Amino acid sequence: SFNLPVSRSAQTASSSSMNVAYLAFGSNVGDRTSNIQCAIDSLNAHKDLHVTKVSSIFESEPMYFQNQRLFLNGCIEVKTLLSPQELLKLCKKIEYEELKRVKEFDNGPRSIDLDIILYKTEDGANVVLTTDDLIIPHPRLLERSFVLEPLCELISFSEVHPVTAEPIIEHLNQIYEQERDEDVLCKVIPLPRIGGKDRFLKFKNKPIRDSVTGRFSTQTISSTYTMGILNTTPDSFSDGGLLSDNLDMQVERIRVIVQEVLKLSEQVIIDIGGCSTRPNSEQASQQQELERTIPLIKKIRSDKTIPHEKVILSIDTYRAGIAKLAIEAGVDLVNDISGGQFDADMFAVLAEHPNVGYIMSHTRGDTSTMTKLTKYSDAEAEENTIEYVYGHEERGEDTVLVRNIGRELAQQYAKAVEVGVKRWQIVLDPGVGFAKHSMQNLEAIKGINVLKNYSLARDQHFIHFRNLPVLVGPSRKKFIGKITGDETAADRDFTTGTVAGACVGFGADIVRVHDTKNCVKSIRMADALYRQTL
Ligand SMILES: Nc1nc2ncc(COP(=O)(O)O)nc2c(=O)[nH]1
Ligand SMILES: Nc1nc2ncc(COP(=O)(O)O)nc2c(=O)[nH]1
């Protein structure tokens, strides 16, 4: 194995006055996401337990007994005063009393399964226990990618398995070495159900071995999402507000976008904006933004001719109040160019809606100052911070910008999960065109895979962006014009298609574009070339 930075958390666990346990959750009966959310809420409600971290959710084929529904799995970290036996009792109570689990047979369907996989006492020592009803570490942990993958989002790379004494992430790599189909997991972002049916954003992640380091990092092999834009602002720089204040025309435009994208995709995302965010633009009032967006969202969602299970709506806003109303009106995603910096209430709104996705973008300052805040260096990295880009050796000059973006997004991420936003809701965005000059925008795009593998260890905190999807919004932006000479935004569509394809090549999972008709083709071509998705 390789010399990994030992994260502070491994050394200072003793400073926490609580025991730390890692639980695995699984569900394949009923409304699986809601079962998972209820189980987490029930655990958190216990006076002697606090849920401190929640992983992504992965959908996977049932292991052992195939003839049943797909499972949703993930892991959580809890701090607790409960002993392992008391914790087991609490898990069983939640499974059988609160979530009415009915155990038909071993490895069979279940509304919820809560397993204790690791348990550390307050001095950081690992518990190793074998009794009739409880074995710690979980005996089947090392054969299950649907447990190890989410667990590796929560623990530092140096965390070792208490029995094998090998880094846990090494055990995951050993599973991936076998290249089994069932280990290609699908990371899902749960969205509001419509008509009692599950709706997700899905990202099928294939473990790819890095030829230099021999380590595995996951690469998305499912189709890249096309996010169409509906700017309802009269001054939006790119389409001059052609559609502003005409609801029927806007719905017609949406119908066209839906039809264009669904020709080549399973789903389409439409981003509805009511307040321009281009540099130095005058900011619409909350009331204006509300009038431009909420009636439109309601009209779309009440339109029976639109296939809502395939049409995913996003609200492009940095205002918590607008986000809340938009969620109530039927949006599935909140797209916040400020990453929660402009409105302190934004994260609380997302924490209340665990089945709404959150696009957390990088920027600095505000729309009137961001063009000047383009100095990126390693000076900002605090001395007690260990940064690491898992699977990539680059930690030199060529990743300074992206590691800065990662560090600043990690700060927002930490605040968000502190308030109760779940990791499974979050999509990252490097913020192309926000607090970056032209060449830096190119670097941000080229560094997407570095951002996806960014990790930061500081004191008690370990944050890894593993499995977080990345959205990029290059469409018609100035950095394109700077290179092609196209002064006006509307002349940049052809080149936006080129850039959209390149974004897929560099690892983007969602690309935000104006000209959906042509860009969805560029994106599909790039999937065929880079993701072997035909
Ligand atoms: N994909 C998937 N397959 C499974 N197969 C069996 C069990 C039974 O697990 P247990 O031994 O902990 O009861 N759990 C899962 C699961 O959570 N996900
Ligand atoms: N997530 C995300 N959202 C965005 N919203 C607006 C704009 C500005 O472009 P527009 O005025 O053409 O919408 N760019 C982004 C972006 O890059 N990422």
Side-chain angles (χ1 to χ4, degrees), residues 23-29 32 36 57-66 68-75 91 95 101 103 105-110 112-117 135 138-141 143-147 149-150 182-183 185-186 227-233 235-241 269 271-279 281 314-318 333-339 357-363 367 370 427-436 441 444-445 470-479 489-490 492 496 503 508 510-515:
L23 307 181
F25 59 77
S27 171
N28 75 332
V29 165
R32 299 169 296 171
I36 291 164
I57 294 181
F58 294 91
E59 187 172 62
S60 65
E61 296 291 331
M63 258 177 106
Y64 316 113
F65 177 75
Q66 268 70 25
Q68 56 181 318
R69 267 182 79 191
L70 296 176
F71 276 82
L72 292 187
N73 289 103
C75 288
C91 289
E95 286 174 343
R101 171 176 176 176
K103 181 139 188 168
F105 50 90
D106 271 1
N107 295 329
R110 67 280 311 275
I112 193 71
D113 184 19
L114 287 173
D115 289 339
I116 302 172
I117 37 178
I135 301 174
H138 192 287
R140 288 179 293 285
L141 166 62
E143 66 193 52
R144 295 176 167 178
S145 55
F146 61 80
V147 179
E149 182 59 59
E182 65 265 33
D183 293 321
L185 304 176
C186 191
M227 174 190 261
I229 299 167
L230 195 100
N231 265 334
T232 64
T233 50
D235 68 340
S236 72
F237 86 97
S238 43
D239 48 19
I269 304 176
D271 193 29
I272 295 169
C275 174
S276 172
T277 50
R278 76 188 195 293
S281 58
S314 149
I315 178 80
D316 189 344
T317 187
Y318 50 73
L333 302 171
V334 174
N335 173 23
D336 177 0
I337 56 106
S338 82
Y358 179 61
I359 299 156
M360 179 187 277
S361 289
H362 175 266
T363 189
T367 44
M370 65 185 178
V427 174
L428 299 178
D429 181 334
V432 168
F434 293 89
K436 292 156 197 89
N441 288 314
I445 291 172
V470 166
L471 181 149
V472 181
S475 191
R476 298 182 178 172
K477 285 185 178 172
K478 202 167 77 172
F479 78 100
R492 298 170 188 160
T496 296
C503 288
I510 306 172
V511 185
R512 182 178 178 278
V513 294
H514 297 88
D515 176 6

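The structure displayed is predicted, hence computed values, not measured ones. Read the numbers this way: they start at 1 and go in the same order the structure lists the ligands and their atoms.
Contacts between Asp113 and ligand 1 below 4.0 angstrom, taking non-hydrogen atoms only, involve the side chain exclusively. Contacts of Glu61 with ligand 1, taken as heavy-atom pairs under 4.0 Å, involve the backbone alone. Proximity of Asn231 to ligand 2, defined as any heavy-atom pair under 4.0 Å, is confined to the side chain (atoms from C-beta onward).
For atom 3 (N) of ligand 1, the closest non-hydrogen atom on the protein side is Met63 N, 2.9 Å. Nearest protein heavy-atom contact of atom 6 (C) of ligand 1 is Tyr64 CD1, 3.3 Å. In terms of protein heavy-atom proximity, atom 18 (N) of ligand 1 is nearest to Asn73 OD1, 2.9 Å. Counting protein heavy atoms only, atom 7 (C) of ligand 1 is closest to Asn107 OD1, 4.0 Å. Counting only heavy atoms of the protein, atom 12 (O) of ligand 1 lies nearest to Asp115 OD2, 2.6 Å.
The distance from ligand 2 to the heavy atoms of Thr277 drops below 4.0 Å at these ligand atoms: 6 (C), 7 (C), 8 (C). Shown in contact with Asn335 at under 4.0 Å from a heavy atom are these atoms of ligand 2, numbered in order with element: 1 (N), 2 (C), 3 (N). Against a heavy-atom cut-off of under 4.0 Å, Gly473 is close to the following atoms of ligand 2: 17 (O). The contact set between ligand 2 and Asp429, taken as ligand atoms under 4.0 Å from a residue heavy atom, comprises 1 (N), 2 (C), 16 (C), 18 (N). Short contacts between ligand 2 and Phe434, defined as distances under 4.0 Å to a heavy atom of the residue, involve ligand atoms 7 (C), 14 (N), 15 (C), 16 (C), 17 (O). Heavy-atom contacts of Ile359 reach the following atoms of ligand 2: 1 (N) (cutoff under 4.0 Å). Annotation for ligand 2: atoms under 4.0 Å from non-hydrogen atoms of Leu471 are 1 (N). Which parts of ligand 2 touch His514 is read off a 4.0 Å heavy-atom cut-off, strictly below it: atoms 12 (O). Of all atoms in ligand 1, numbered sequentially from 1 with element shown, those under 4.0 Å from a heavy atom of Pro62 are 1 (N), 3 (N).
Taking CG from Leu141 and CG from Asp115, the interatomic distance works out to 10.0 Å, rounded to the nearest 0.5 Å. Separation of atoms CG (Leu471) and CD1 (Ile269) is listed at 7.0 Å; rounding is to 0.5 Å. With rounding to the nearest 0.5 Å, the separation of CD1 in Ile36 from CG in Leu114 is 9.5 Å. Going from atom CZ of Phe25 over to atom CG of Asn73 covers 7.5 Å, rounded to the nearest 0.5 Å.
Considering backbone and side-chain N/O of Ser276, none are found under 3.5 Å from N/O of ligand 2. Of the polar atoms of Asp316, at least one N or O is found under 3.5 Å from an N or O of ligand 2, judged by distance alone.
When atom types are taken as modelled, the side chain of Thr232 and the backbone of Gly273 share a donor-acceptor pair closer than 3.5 angstrom. Proximity of a side-chain donor or acceptor of Asp429 to a complementary backbone N or O of His362 within less than 3.5 Å is not detected.
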**OP:** Determine, stepwise, if the pair Ile359 / Met227 fulfils side-chain contact (heavy atoms from CB on, under 4.5 Å).
**Re:** CA-CA 12 Å; Ile359 299 156; Met227 174 190 261; 3.7 Å; yes
**OP:** Quick one: do Arg476 and Ile229 satisfy side-chain contact (heavy atoms from CB on, under 4.5 Å)? Show the steps, please.
**Re:** CA-CA 12 Å; Arg476 298 182 178 172; Ile229 299 167; over 6 Å; no
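Heavy atoms of Arg144 come nearer than 4.0 angstrom to ligand 1 in at least one pair. Heavy-atom distances between Ser361 and ligand 2 reach below 4.0 Å in at least one pair.
Residues Thr367 and Ser281 come closest through the heavy atom pair OG1-O, 4.1 Å. Across all their heavy atoms, Pro150 and Cys75 have their closest contact at CB-N, 3.8 Å.
The closest side-chain heavy-atom distance from Tyr318 to Thr277 is below 4.5 Å. Ser475 has its side chain out of reach of Asp515: every pair of non-hydrogen atoms, C-beta onward, lies at least 4.5 Å apart.
One option in Arg512, Lys477, Arg476 has a heavy atom closer to atom 17 (O) of ligand 2 than any other, and that option is Lys477.
Between Arg512 and Asp316 there is a salt bridge, with a side-chain nitrogen of the basic residue lying less than 4.0 Å from a carboxylate oxygen of the acidic one.
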